[in-house]
Every structure is written in structure tokens, then in C-alpha cells.
Amino acid sequence: KGAVRFENVEFAYDPKRPILKGVSFEVPAGKTVAIVGPSGAGKSTLSRLLFRFYDIQSGSITIDGQDIRDVTQDSLRSSIGMVPQDTVLFNDTIAYNIRYGRISATEAEMRNAAELAQIGPFIETLPEGYEAMVGERGLKLSGGEKQRVAIARTLLKAPPILILDEATSALDSATEHEIQSALDLVSRNRTTLVIAHRLSTIIGADDIIVLKDGVIAERGTHAKLLAKQ
Ligand code: ADP
Ligand code: ADP
């Protein structure tokens, strides 16, 4: 479940300046496809289009064969999870931030997601545990800790489709390595679109798409694309 297909997608924020000029690709259910390309190529725009934040001008985007224009935005939001580059947390408790999107989750489910995201041991050292406040008047979490909260949230929500938009870009390389292993766990057996700006780092992807000037300039496996460089 969760096969994503872009078919001849054309999109422009400003009609005089096309961003995507006929982009077609598929992310088979449960597979991981990476989109790489220079800054400004339109990578993040692809993920906004999948959420239907904007309507495309031509072509189609489907999930399991269903055109997303026929799907409510609420339904899209519940079937797609996203880990962005910089997670902004709510000024509320850690538990609230992990539960966001699945408020009905039990305490045990919430803790289990935190354990899997490798944040559990850290939270349990806090006097207030999961009820500790974060944000302005609470705990100040590091970039890596915030990403772990985002990962725990995504694990709890368990969406069929996942978007990782430069999810480790803002981290130092040691932290990036740790977060990457947590991300690998979340993306396993889940339809995943990874947005990155470097080819050298997306080793796990089943397919890599290089987006340039609004079109797919190249695609293939990691080995194939590296061999060409
Ligand atoms: P990437 O993720 O590959 O860096 P983006 O998808 O963020 O690229 O942006 C692609 C292009 O669209 C850029 O030129 C950017 O300036 C432009 N753009 C992005 N968001 C908007 C917006 N909301 N309104 C107008 N132009 C935008
Ligand atoms: P390099 O080692 O080539 O200097 P980095 O390791 O800093 O590059 O990573 C390059 C970019 O690719 C970063 O933005 C990184 O977050 C991104 N990236 C690589 N793999 C993934 C992934 N699976 N999910 C999210 N982002 C990824």
C-alpha cells in the first residue's frame, strides 16, 4: 500500500516561471526513492504537491492509482508522514509532541515509539519524564533530539507514505549518523521519498532521481549514478 506516482507533472508558482516541466516517476509501495539535485531544483515542491498544498497545472499525482485531487487533504495528511530538516516543536510536553497526529495513542505506544527513536533513555533521566515541557519556557532540545521527537511522532502515526526532506542536513556528522539509523528504521517497508542534495549519502535508496531545471536529468541506482560521475 502507498504506491506514489507522478505522471507528467507540470507546476509553477508563478506562471511565467515553470518549476516542474513534465516530471514522471513512481515510488513503488514500500520502496525508497531519493530525489537529489541542486538547491532550487524543485525537490521540496514535489513533497508539497503530494500533500496538495498546491494544485498542479498539468499531469497527475496518484496514490495507489487514485488521483490525489479526489482525496481530502485530511486523508492525505493522515497517510503521509514527514520529517523536515528543522523540526519545530510545539511549546508543550514531549508526550504531546510525540502524540501529535495521533492523540489517542496509549502511554505504552507513545513510550515504545520514543524507545525506537532512541530518545526514551534521555527522557527518562528528566524529573518530569515525558511530561517535561519543551520550547520557549521549557527544555531546549538539540537539533538531533528534535529530529528524534519527529521520528517518534512518525513511528507512532505509522503512515504508509513517508517524506524525509533533508532530515539530517542541519546536523553535525556524528549526530547525522545516529539519526540516519533511526530514519532507516522508520522507512523500512514504507513508501519513502528522500529529498537530499548530495548523491554520496543516499546509499539505501532503491532508485535515485536527479532533478535539474524542472526535469529528471538522470535516474538509476546509486552504483550506476556514481559510476557516471
Ligand atoms: P529545492 O527543494 O530543490 O531546493 P524548492 O522546491 O524549494 O527547491 O524550490 C524550487 C523553486 O521554486 C525555487 O526557485 C524557489 O525559489 C521557488 N519557490 C519555492 N517555494 C515558492 C513559493 N511558495 N512561491 C514562489 N516560489 C517558490
Ligand atoms: P557529505 O558527507 O557528502 O558531505 P552529508 O553526509 O552531510 O554529505 O549529507 C548530504 C545530504 O544528504 C545531507 O543533506 C543529508 O541530510 C542528506 N541525506 C542523505 N541521506 C539521507 C536520508 N536517507 N534521509 C535524509 N537526508 C539524507
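In each ligand, atom 1 is the first atom listed, and ligand 1 is the first ligand listed.
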Tyr54 side chain to Thr45 side chain, donor-acceptor N/O pair below 3.5 angstrom: no
If you count every heavy atom of other residues, nucleotides or ligands that lies below 6.0 Å from Lys31 atom NZ, does the total exceed 12? no
Atom-level proximity to ligand 1, residues with heavy atom under 4.0 Å: Tyr13, Arg17, Ile19, Pro38, Ser39, Gly40, Ala41, Gly42, Lys43, Ser44, Thr45, Arg48, Tyr54
Please say which of Asn97, Val134, Ile123 ends up in a side-chain contact (heavy atoms from CB on, under 4.5 Å) with Val149. Asn97
Among Asp64, Thr62, Ile63, Val27, exactly one meets side-chain contact (heavy atoms from CB on, under 4.5 Å) together with Arg5. Which residue is that? Thr62
If the condition is salt bridge (charged side-chain N to carboxylate O under 4.0 Å, His left out), which residues does Asp67 pass it with, not counting sequence neighbours? Arg69
Leu183 and Gln180, any side-chain heavy atoms less than 4.5 Å apart: yes
